[in-house]
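One structure is given below, encoded as structure tokens.
First listed ligand is number 1; within each ligand, the first listed atom is number 1. The model shown is predicted, which means the values in this text are computed figures rather than measured ones.
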Amino acid sequence: MASSANNDRPNHRTARAFCLTSAFWFAAAASFGMIGAGYLIAPDFMANIGWLHFGKARPMHVNLMLFGFVTPGLLAAAFYYVPKLLRTALYSEKLGVFTAILWNITLPIGVVGLAQGRSQGREYAEWPWSVDMLIVVLFALVIFNLVMTVRRRLEPIIYVSIWYVCAAVILTGTTYCIGNVIWKPSTGALLGIPDAILLWFYGHNVFGLLLTPLGLGVAYYVLPLATRSPLYSHTLSLIGFWSLIVVYTHIGTHHLLQVPVPTWLKTIAIVDSVAMVIPVMVFLINIWYTVQGKLGTIHADIGAKFVFTGTIYYFFVNIQGSMMALPQVQRVTHFNNWVVGHAHIGVLGFAGVVAIGGIYYVLPKITGRPLYSRFLADLQYWLLLIGVTGFAVVLTIVGLIQGNAWLNGETVYRVLPEIHLYYILRASLGVFIISGAYIGLYNIFRTLYFNPGAATACE
Ligand code: HEM
Ligand code: HEM
């Protein structure tokens, strides 16, 4: 199965397949998000469509964003840069393409399962058991392909991006099994508080040990190369990596501060959430010093522009996150749209934007042609930037209104009319994001398949 020779001209079929997968599911997931936003404005909206009411559209939206758009997008870049950095062909392009095909079979099965009401009812772990098993297989295939590539490498030095991507898929392969309680197929859950602890150990690790390291891996690859600058400090990159692994793994219980879980667990979660400042700042200092004075160069490269913007959102989401883990702050921000705002800043503003940047950066290299349309990519950039920044502002305001009202003993239904206008604003901003998603799908598809641009040397 392995590629016959390391010096074969690479065809990058795996990276191509993952680029398209990500672009397609971004558009699909955004569509489910719009349906969810519609329900929040008018709960009767599509009321007669039982398989798509809010309780089903929401997990479809969230899980497709996580496992359809962002993860495959970040992996697309990794399937290009891992072999490149190791001066070795990907262990098996066939296996990679097979993985992408299976990925695209798994997600529709998951959507149909959710539509049929076979949700496991645990946030971020809603997929039915059969889909959980398929996802575990997918991660196993990705791990095997990447680890075998590392084993066969010609380059002795393993650059930090490779550390991040390998850690992300290996740790997620493990935490996915634990968090989804895959040894209990009938429920996919334990009972009571232990289940909540396990779920949020996994739930937070989807962001902390999957999206974040994959995103940082892409940033560490794209930004130094695009600006032709050596990495500011390899030592800092290692400190950032190990501190992330040590600190991020312990903070899941900050989702359960209002729940009777043991106090020592809450204390660890709070302390480590604040300590997240270390890996985050170490990464940002390292990468921002690397590109210091090169903003013009970044602006000229659409891939780097997306990735750099993602690092700015990374800064904000982490400062916000560390604050939200403080019990005094969470008394206002928990259980309302503040958290949804944080989620969109993190998953879209940071990880999603970096994923798109990674795709745009590698596409010309894997196709040997320039992007189909730089204009469309720029348009997508601005649509997403306006959309996600608008989401952050609107949802934060709604969250503060809800949080303060509930803190003052106001009942939920009295608050709803007050926040209705903000829900309309959120859906309107969603139009920017969804337009960006479909424009991106068109641009990426045309770049891959019907691109009249002049051929350049394929890397
Ligand atoms: C310093 C790093 C971070 C810290 C300390 C942090 C902290 C938190 C806290 C305390 C919550 C729970 C809020 C509540 O339920 O009241 C939360 C929720 C969330 N965070 Fe973060 N965050 C961090 C970074 C990120 C990043 C980088 C992402 C995305 C890649 C992210 C995505 C999310 C999401 C999606 C939720 C919503 C979970 C839910 O549905 O309840 N976070 N974060
Ligand atoms: C068309 C644009 C979008 C719209 C209209 C939209 C709408 C929504 C809605 C209505 C919810 C449910 C909130 C609730 O339960 O109150 C939600 C949750 C969520 N969305 Fe989106 N969304 C959009 C784009 C995105 C994108 C691009 C991403 C990630 C790349 C994303 C990630 C998430 C996440 C992680 C949650 C869970 C939040 C939480 O539980 O705290 N969304 N979105």
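- Of all the heavy atoms in V165 and V82, the pair that sits closest is CG1-CG2, 3.8 Å.
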Take V218 and F306 through the test side chain to side chain contact (heavy atoms under 4.5 Å, CB included) and record every step on the way to the result.
CA-CA 11 Å; V218 172; F306 267 103; over 6 Å; no
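- One finds a salt bridge joining R374 and D378 here, because a Lys/Arg side-chain nitrogen approaches an Asp/Glu carboxylate oxygen to under 4.0 Å.
- For Y39, no heavy-atom contact with ligand 2 is shorter than 4.0 Å.
- Ordered by chain and number, H342 NE2 make up the set of protein N, O or S atoms under 2.8 Å of atom 21 (Fe) of ligand 1.
- With respect to E126 and R118, no salt bridge is recorded, no charged nitrogen being found less than 4.0 Å from a carboxylate O.
- A cation-pi geometry, defined here as NZ or CZ lying under 6.0 Å from the six-membered ring centre and within 45° of its normal, holds between K305 and Y381.
- Ring pair F350/Y314 is tilted by interplanar angle, where 30° to 60° counts as tilted.
- Against a heavy-atom cut-off of under 4.0 Å, F26 is close to the following atoms of ligand 2: 27 (C).
- Listed by number with element, the atoms of ligand 2 under 4.0 Å from a non-hydrogen atom of F69 are 30 (C).
- Counting atoms of ligand 2 from 1 in the listed order, those under 4.0 Å from a heavy atom of A37 are 5 (C), 10 (C).
- A donor atom on one side chain and an acceptor atom on the other are not found under 3.5 Å apart for N63 and Y124.
- With respect to atom 41 (O) of ligand 1, the closest heavy atom belonging to the protein is W200 CH2, 3.7 Å.
- Looking at ligand 1, you'll find an N or O of E123 within less than 3.5 Å of one of its N or O atoms.
- Checked against a 3.5 angstrom limit, the closest N/O atoms of H334 and ligand 1 fall inside it.
- Against a heavy-atom cut-off of under 4.0 Å, Q330 is close to the following atoms of ligand 1: 10 (C), 14 (C), 16 (O).
- Closest to atom 18 (C) of ligand 1 among all protein heavy atoms lies H255 CE1, 3.4 Å.
- Because its NZ or CZ atom is not both nearer than 6.0 Å to the ring centre of F32 and within 45° of the ring axis, R58 does not count as a cation-pi partner of that residue.
- Considering only non-hydrogen protein atoms, atom 2 (C) of ligand 1 sits nearest to N318 OD1, 2.6 Å.
- Looking at every heavy atom in both residues, N205 comes nearest to T249 through OD1-CA, 4.1 Å.
- Between H204 and Y248 the shortest side-chain heavy-atom distance falls below 4.5 Å.
- Counting only heavy atoms from C-beta outward, the side chains of Y361 and I302 never approach each other to under 4.5 Å.
- For atom 8 (C) of ligand 1, the nearest protein heavy atom (residue, atom name, distance) is H254 NE2, 3.4 Å.
- A side-chain donor-acceptor contact under 3.5 Å links N336 to the backbone of W338.
- Short contacts between ligand 2 and G36, defined as distances under 4.0 Å to a heavy atom of the residue, involve ligand atoms 10 (C).
- Among all non-hydrogen protein atoms, the one lying nearest atom 23 (C) of ligand 1 is Y248 OH, 3.8 Å.
- Atoms of ligand 2 found under 4.0 Å from any heavy atom of M34 (numbered from 1 in listed order, with element): 1 (C), 5 (C).
- Residue-ligand proximity, G430 to ligand 2, at heavy-atom distances under 4.0 Å covers atoms 1 (C), 2 (C).
- The side chain of V62, and not its backbone, has at least one atom closer than 4.0 Å to an atom of ligand 2 (non-hydrogen atoms only; side chain from C-beta on).
- Ring centroid separation for the pair F201 and H250 does not come in under the 6.0 Å cut-off.
- Shortest contact from atom 3 (C) of ligand 2 to any protein heavy atom: F391 CZ, 3.7 Å.
- In L191, the CG atom is not crowded: 12 or fewer heavy atoms of neighbouring residues, nucleotides or ligands sit closer than 6.0 Å.
- Proximity of F54 to ligand 2, defined as any heavy-atom pair under 4.0 Å, is confined to the side chain (atoms from C-beta onward).
- By the 3.5 Å distance cut-off applied to N or O atoms, H344 is counted among the residues near ligand 2.
- Taking a 4.0 Å cut-off on heavy atoms, F335 fails to register as neighbouring ligand 1.
- Residue-level check: among N/O/S atoms of H61, NE2 sits closest to atom 21 (Fe) of ligand 2.
- Using a 4.0 Å cut-off between heavy atoms, V340 makes no contact with ligand 1 at all.
- For atom 38 (C) of ligand 1, the nearest non-hydrogen atom of the protein is Y124 OH, 3.4 Å.
- The contact set between ligand 2 and A30, taken as ligand atoms under 4.0 Å from a residue heavy atom, comprises 1 (C).
- Only the side chain of I433 comes within 4.0 Å of ligand 2, counting heavy atoms alone; its backbone N, CA, C and O stay farther away.
- Pairing each heavy atom of A269 with each of H254, the nearest pair is CB-N, 3.5 Å.
- Atom numbering of ligand 2 starts at 1 in the shown order; those under 4.0 Å from a heavy atom of M65 are 24 (C), 25 (C), 26 (C), 27 (C), 28 (C), 29 (C), 30 (C), 31 (C).
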